[in-house]
Amino acid sequence: MIKKTVIIDTDPGIDDAMAIALALFSQEIDVPLITTVAGNVGLENVTTNTLRLLSFFKKHVKVAKGASQPLLRVSEDASQFHGETGLAGFSYDKQATECLIDTHAVNAMYQELMKRQKTTVLAIGPLTNIALLLRMYPDSVHYIDEIVIMGGAINRGNYGVYTEFNSGFDPEATKIVYSAPVKKVMIGLEIGNQAIMEKEVLERLGNINGVGKMLSALFKHYQGEYFDKGVEVYDSTAIGYILHPEWYTCLEASVDVELCGTYTSGATLVDFTQKSQYIKVCTTIDAPKFIEWIIDSVAYMSHV
Ligand code: BDR
Ligand code: CA
């Protein structure tokens with residue numbers, strides 16, 4: 001089987017942790033590099049969290065630190081949900097510090113892209129690193145197969161009334177990425193809102209094995225008093241798309257990004273009447289299949 005090569009750009013982050021697990025344990029993809037970006041919490045914390053997860057999963061993948069702030073703005077992080085460290089709810093005893101490389105994420109991504117014809121980029125944090133890549137190395141578009149983005153919203157947001165967190169955290173970067181001549185798939189907030197892991201499933205997850213126990217402890221913290229209502233699974237819907245696009249309905253559309261709005265900066269304006277050859281926007285997911293797939297996949301992560 002020819003494996004897809006996927007670079008993960010991330011800000012772990014509780015739901016990032018599950019997406020990273022699904023990617024690293026998949027037999028169908030190869031992850032040569034993880035790049036970190038400030039978002040849910042600051043750059044140092046998201047990088048430490050990535051190294052903690054790698055140590056926990058017993059995986060060796062290069063990690064490169066990227067942008068410590070959005071391109072232009074001072075944005076609010078999401079530590080109120082993910083905890084001060086970004087991975088509250090579980091204590092990790094080690095970090096895979098040997099995986100950290102001394103190259104900036106943008107340069108590391110470019111070097112990795114140059115190694116082969118086509119690489120998929122999985123973007124599950126703010127788009128700052130990817131915007132910098134596209135500006136610093138415009139020829140990278142020839143080496144990217146597709147950028148699969150968890151971010152943006154067709155309708156209402158979770159950061160602002162119309163703004164999803166990743167796009168609202170760095171609106172200018174989001175605009176740069178959506179206007180670049182490279183294929184993109186937007187898996188916005190609506191998809192995660194359909195992909196709810198109910199309380200019973202979270203409890204099943206916690207009883208599968210060590211990885212399941214760790215992920216369910218994180219989600220328990222994330223949902224706090226709302227645990228009984230289950231949890232929306234956001235970032236994992238993007239890795240789900242890479243492995244099982246048949247579970248998603250996607251339409252060609254144009255996406256512009258609000259930069260001047262008093263209340264709406266970072267809002268993604270999805271226009272299904274103006275198609276773009278570079279952009280597909282997902283509108284539905286087969287949530288039951290997706291959630292069962294998560295449970296089955298975690299069951300295979302048994303050697304941890
Ligand atoms: C996104 O925001 C972050 O808090 C999550 O990690 C996810 O990437 C959902 O809006
Ligand atoms: Ca994230």
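Ligands are counted one by one from 1 in listed order, and the atoms in each one are counted from 1 as well. Note that the structure is predicted; figures quoted are calculated from it, not measured. Only this structure's heavy atoms are used, side chains among them; waters, hydrogens and symmetry mates stay out.
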Among protein heavy atoms, which lies nearest [atom], and at what distance?
atom: atom 8 (O) of ligand 1; result: D235 OD1, 2.6 Å
atom: atom 9 (C) of ligand 1; result: E164 OE2, 3.2 Å
atom: atom 6 (O) of ligand 1; result: D15 OD1, 2.7 Å
atom: atom 3 (C) of ligand 1; result: N40 OD1, 3.1 Å

(message) Below 4.0 Å, non-hydrogen atoms only: which portion of D16 touches ligand 1? Side chain, backbone, both or neither.
(response) side chain
(request) With heavy atoms of N158 as the reference, note each atom of ligand 1 found under 4.0 Å away. (result) 9 (C), 10 (O)
(request) State the atoms of ligand 1, each with its element, that fall below the 4.0 Å cut-off from a heavy-atom position in I124. (result) 8 (O)
(request) For the residue pair I7 and L113, establish whether any side-chain heavy-atom pair is separated by less than 4.5 Å. (result) yes
(message) Could you check whether any side-chain heavy atom of I144 comes within less than 4.5 Å of a side-chain heavy atom of T119, counting everything from C-beta outward?
(response) no
(message) For N/O/S atoms only: which one belongs to D235 and is nearest the Ca ion (ligand 2)?
(response) OD2
(message) Suppose we only allow N, O or S atoms; which atom of D11 ends up nearest to the Ca ion (ligand 2)?
(response) OD1
(message) Any nitrogen or oxygen of D11, side chain or backbone, less than 3.5 Å from one on ligand 1?
(response) no
(request) Could you tell me whether some N/O pair between H82 and ligand 1 is separated by less than 3.5 angstrom? (result) yes
(message) Between I124 and the Ca ion (ligand 2), is there a contact where an N/O/S atom of the residue lies under 3.0 Å from the metal?
(response) yes
Answer yes when [X] and [Y] have at least one side-chain N-carboxylate O distance shorter than 4.0 Å, and no when they do not.
X: R156; Y: E164; value: no
X: D93; Y: R52; value: no
X: E44; Y: K65; value: yes
X: E112; Y: K115; value: yes
X: E198; Y: K229; value: no

(message) So that I know where these two stand, are H244 and F290 an aromatic pair - ring centroids less than 6.0 Å apart?
(response) no
